[in-house]
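Since the structure comes first, as structure tokens, the remarks are kept for the end.
Residue numbers start from 1 in every chain, and the chains themselves are labelled A, B, ... in the order their sequence lines are given, proteins ahead of strands. Only heavy atoms go into these numbers, but all of them, side chains included; no hydrogens, no water, no symmetry mates.
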Amino acid sequence: MKKLKLPLQNTVIGTVETKFGWVSFAVTSKGLRDCRFMFPSPDCATDEILKTIAGKPLSEDKNVISTWSLMFKEYFGGSLKSFDKVPLDSESWTDFQKRVYMTVQSIPYGKTASYGTIASYLGNGNASRAVGNALKNNPVPPVIPCHRVIAADKDMCGFSATGGIELKLKILELEKDNL
DNA sequence: AAAACTGCGGCAG
DNA sequence: CTGCCGCAGTTTT
């Protein structure tokens with residue numbers, strides 16, 4: 001059975017103000033494709049997200065925009081505690097990334113796991129570094145909660161989004177407070 | 001095809 | 001504590 005490829009994949013973008021700055025996101029017919037946050041203004045947010053969808057046709061879907069906007073607002077406000085079963089556009093991910101992201105998504109709200117733990121869960125305990133590499137490219141934080149993955153002995157390590165480790169800590173704090 | 005990267009981890013000094 | 005390899009996957013030459 002052959003599956004047909006959809007001829008066009010219009011992208012919807014949206015921005016919303018949250019407790020973690022302005023958030024911008026891009027959604028295709030498959031689901032959420034990109035998401036960034038901590039922007040100081042809606043213009044900044046829009047500019048950045050436009051870069052991620054260069055060349056793709058835009059469309060408007062108020063329903064999609066408001067649904068996602070609300071989710072981000074609630075998550076960063078502390079009332080939404082799970083992005084489970086939310087559609088993600090995984091088209092551009094490698095197999096390894098899919099496996100990593102899937103596993104990371106199963107870390108419960110407010111909990112953490114180490115890169116090594118994720119790696120051994122995937123079947124190769126030596127792949128911790130590769131896990132970090134994959135998480136660095138997380139296209140949809142905080143939906144894939146890469147902030148819940150920390151180093152084995154030290155408490156913290158990098159976080160590539162604007163705000164770095166401090167931001168990572170702030171998000172974990174948010175989750176802890178609303179546990 | 002090879003080398004150079006990483007949000008790691010573990011084991012030396 | 002710091003430094004140094006080995007590791008696996010991705011990106012860049």
Passing candidate, side-chain contact (heavy atoms from CB on, under 4.5 Å) with A:Ile144, options A:Thr103, A:Leu32, A:Ile107, A:Asn138 |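 It is A:Asn138; the other options fail the test.
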
In what stems does DNA chain C take part, counting only runs of at least 3 consecutive Watson-Crick or G-U pairs whose two distances fall under 3.5 Å?
->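 Stems (3+ consecutive pairs) listed as B:1-6 with C:8-13, B:8-13 with C:1-6.
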
Could you list all the salt bridge (charged side-chain N to carboxylate O under 4.0 Å, His left out) pairs where at least one residue sits in residues 65-83 of chain A, not counting sequence neighbours?
->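 Pairs touching residues 65-83 of chain A that pass the test: none.
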
Rounded to whole Å, how long is the line connecting atom [atom1] of [X] with atom [atom2] of [N]?
X: A:Arg129; N: C:dC7; atom1: CZ; atom2: P; answer: 12 Å
X: A:Ile150; N: B:dC8; atom1: CD1; atom2: C1'; answer: 13 Å
X: A:Tyr115; N: C:dG6; atom1: OH; atom2: P; answer: 23 Å
X: A:Asp153; N: C:dT2; atom1: CG; atom2: P; answer: 12 Å

N/O-N/O pairs, protein side and nucleotides 9-13 of chain C side, under 3.5 Å:
| unit_1 | atom_1 | unit_2 | atom_2 | d |
| --- | --- | --- | --- | --- |
| C:dG9 | N2 | A:Asn133 | ND2 | 3.0 |
| C:dT10 | OP1 | A:Thr94 | OG1 | 2.3 |

Would you say A:Ser128 reaches C:dA8's phosphate, i.e. side-chain N/O to OP1/OP2 under 4.0 Å?
->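 No, no such contact exists.
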
Pairs where residues 44-55 of chain A contributes a residue and the test side chain to side chain donor-acceptor pair (under 3.5 Å) is met, not counting sequence neighbours =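 The answer is A:Glu48-A:Lys51.
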
Within residues 123-134 of chain A or reaching into it, pairs that qualify as side chain to side chain donor-acceptor pair (under 3.5 Å) - sequence neighbours excluded |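 Sorted result for residues 123-134 of chain A: empty, none.
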
Should the pair A:Tyr101 and A:Trp93 be assigned to parallel (<30°), tilted (30 to 60°) or perpendicular (>60°) ring geometry?
->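 Plane angle over 60°, so perpendicular.
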
Classify the angle between the aromatic ring planes of A:Tyr109 and A:Tyr75 as parallel (below 30°), tilted (30 to 60°) or perpendicular (above 60°).
->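 Ring orientation, 0 to 90° scale: perpendicular.
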
Set of side-chain contact (heavy atoms from CB on, under 4.5 Å) partners for A:Asp43, sequence neighbours left out =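 A:Asp43 satisfies side-chain contact (heavy atoms from CB on, under 4.5 Å) with A:Ser41 only.
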
Does atom NZ of A:Lys98 have more than 12 heavy-atom neighbours, drawn from other residues, nucleotides or ligands, at distances under 6.0 Å?
->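 Correct, the count exceeds 12.
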
Checking all strands, does A:Val149 fall into the base, sugar-phosphate, or nothing category for heavy-atom contacts under 4.0 angstrom?
->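 Base, at least one base heavy atom under 4.0 Å.
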
